[in-house]
Amino acid sequence: MTAEIPEEIKKRVEELRAELRQHEYHYYVEDNPQIADAEYDEMMEELRKLEEDYPQLKDPNSPTARVGGEVLDKFAKVQHTQEMLSLGNAFSPADLRNFAARLQRMLSEEVDFDYIVEHKIDGLAIILKYEAGELTLGATRGDGQTGEDVTANVKTIPTVPLKLKKPVDIEIRGEAFMPRQSFQKLNEERLKKGEEPFANPRNAAAGSLRQLDPTVAAKRPLSFLAYDIINEESLTLREHAESLEKLAELGFKVNWHRPVDNIDRVIELCEEWVDRQQQLNYEIDGMVVKVNQLAVREKLGATSKSPRWAIAYKFPAQQKTTEVKDIKISLGRTGALTPTAELAPVEIDGSTVSRATLHNEDEIRRKDVRIGDKVLIQKAGDIIPEVVKVIKEARTGQEKQFEFPENCPACGEKVFRDPEEAVYRCINSACPAVVRESIIHFVSRDAMNIAGVGPALIDRLLEQNLIEDQADLYFLEKEDLIELERMAEKSAANVLEAIAESKSRPLTRVVFALGIRHVGLRTAQIIVDKFGTLSQLKEANQAELEEIEEVGPVIAQSITNYFSSSENLNLLEKLKRAGVTMESEKSEEQNILADKKFVLTGRLENYTRQEAKAEIAKLGGRVTGSVSGETDYLVQGENPGSKLQQAQEREVQILTEEDFIKLITEED
Ligand code: IVH
């Protein structure tokens, strides 16, 4: 039965496919959705229905084809048109310099070339073939010559276009990978079902792509970043940079890349990303450095294993195995009890790690960490080291399960588990550990900024009963400090001066310094703007607070809780007696960055130069053109200039864009 299909149905199907494709692109490739999920689902449902009613209209690359096709019993083998080589490795700046020197040697003097530096994504290389713009094949690398046809699984990856924006015949390569969040979620689900978790996102991605049942693959959210064009007859590409541009034009999400014209800058970029890799929502295990000019690549050629025109700079290993000697609890200023694994010390990336956070009780249970366990730990940049997993095969039976304490290890009071959080808290505001952390917060840079008063001095002052709380700092006398061992008269005077000077910090900073839960600098500023004085703020009720835009019920509750405690009210009285700012001066309202001098370098992702300047000015800070002894912060964007080095030399505090955003907006 081949009933004629009405024209308007055909038209509608084409229309829906085109629109869905476009929205898929906005959503997955551009990260910029243009319609609500529900509207998208509705269109998808309409298309599915029509394809069901008119099976003659079926199309293997219709947007409906992503949910997963038929179950296979094995994957077909695919012969690659061009062998997929691997990359040589560099492990140090010296290796990179050798690579550059080798290139120079092999090329004659006159040959001019530059580099493209890319992320080395820790996933699986995938080859995609398109005919007249339609996806016809997705294959794995295999042994480099023969791979496996995983087209059905590849189609479930939303960032793989099923139809390109132009009807070209083309073969491209890129990396399929599992974003960190999806990986975490997948592992949590596997644990719940009693299945073994995947060791890393790469294994998880490989496992998903090698699923014989594409509907299973479809439930494992993978992503894809393109990094090369292999075959495209009609194109006359001269540079790798052009290939990457072309890939973007065709509708691919393209791997991060930067053009660079000298090896020093290549090295700088590689090292920069060692520290920045955690900012990405997927894992990279290094950087790939490629010669940009295709003709130069041609000249350089390849060995049997790898091209001579590219090299992988591998990041230092960030995971090691070690033993959990003990599990201890530490307390934060909000009274939160955080379990920490004490480890047999191991060196990771040049620093010794002897502690790793276990986050909370649920996390210990989930990972089943016991005292005496061998564990895999991970550290990256300035991230707190954490336990990735327990090596259960190494268990001897001697391991001891950790019992979360019912009482605060610092003050002995009963601890409470917040029903909405996984966190236990000590709610004793006189708890010595909470007091200590609160004072450390009070003096910190973004709070009262009292130079010279750090954790070590605070500990000594507490031990000697010279202070009991933040406010006592203002009543210290020179003799008190001199009596403390190692404190000379001059430094005692400096400390007292710094303390006295902090009395005139703007009210916003005072409010932030109190350490009210959920009240970061920005919230402090908003509520100070609204209420003007501490006594007004103290009187504010839940409803009045919630009226303020940006203050929700949780923050409002936290603020009223704070001011309902008599200890806190006493503290405020004492601060007032000490002469600490209790009212905002009109002009000081927005001044959380008062008198701070900023220098900007490199491109910021979230602000133009003008916007960043305006933000800083709005908060009372100033932007200057060059680094000097007066500079407080250097904000470092992408491709920073020489100012970065100048700032490093002068030991100016360097902020990444993320740090900067935190500084101006962060809420605790
Ligand atoms: S280019 C001949 N670029 O690294 C060179 N590879 O050892 C072909 N990889 O199997 C690869 N990110 O899975 C290239 N930006 C990138 C990459 C990348 C990750 C992987 C790829 C390949 C392996 C090479």
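The figures that follow rest on heavy atoms only: side chains count, while hydrogens, waters and symmetry mates do not. Quantities reported herein were computed from a predicted structural model and do not represent experimental measurements. Remember, it's 1-based here, ligands and their atoms both numbered in the order they're listed. All residue numbers refer to positions in the sequence shown, counting from 1.
- Of the protein's heavy atoms, I121 N, 3.1 Å lies nearest to atom 12 (N) of ligand 1.
- Between R66 and L162 there is a side-chain heavy-atom pair separated by less than 4.5 Å.
- Protein heavy atom in closest approach to atom 23 (C) of ligand 1: K120 NZ, 4.1 Å.
- The protein heavy atom nearest to atom 22 (C) of ligand 1 is Y227 OH, 4.1 Å.
- Under a 4.0 Å criterion applied to the non-hydrogen atoms of P307, ligand 1 contributes the atoms 2 (C).
- Taking atom 5 (C) of ligand 1 as the reference point, the nearest protein heavy-atom neighbour is L87 CD2, 3.5 Å.
- Every atom of ligand 1 is numbered from 1 in the order shown, and the set under 4.0 Å from a heavy atom of N255 is 15 (N).
- Closest protein heavy atom to atom 15 (N) of ligand 1: E118 OE1, 2.8 Å.
- Residue contact check for ligand 1: H119 places a non-hydrogen atom closer than 4.0 Å to it.
- Remark: the backbone N or O of P161 is paired with a side-chain donor or acceptor of Y130 at under 3.5 angstrom.
- Under a 4.0 angstrom heavy-atom cut-off, A310 registers as lying outside contact with ligand 1.
- Under the 3.5 Å distance criterion, the side-chain polar atoms of E175 are matched with a main-chain donor or acceptor of G123.
- Side chain of D149 to main chain of K77: no donor-acceptor pair is present (N/O by atom type, distance under 3.5 Å, no hydrogens or angles).
- N639 and R265 share a side-chain donor-acceptor pair at under 3.5 Å.
- Protein heavy atom closest to atom 3 (N) of ligand 1, with residue, atom name and distance, is K290 NZ, 2.9 Å.
- Only side-chain heavy atoms of R141 come within less than 4.0 Å of ligand 1; its backbone N, CA, C and O stay farther off.
- No side-chain donor-acceptor contact under 3.5 Å links H23 to the backbone of Q34.
- In terms of protein heavy-atom proximity, atom 9 (N) of ligand 1 is closest to E175 OE1, 3.5 Å.
- L85 O, 4.2 Å is the protein heavy atom nearest to atom 8 (C) of ligand 1.
- In this structure, K120 contributes its side chain and A312 its backbone to no donor-acceptor pair below 3.5 Å.
- At a 4.0 Å heavy-atom cut-off, ligand 1 touches A125 through backbone and side chain alike.
- In this structure, E271 contributes its side chain and E268 its backbone to no donor-acceptor pair below 3.5 Å.
- Remark: K299 fails to qualify as a cation-pi partner of F113 under the 6.0 Å distance and 45° angle criteria applied to the six-membered ring.
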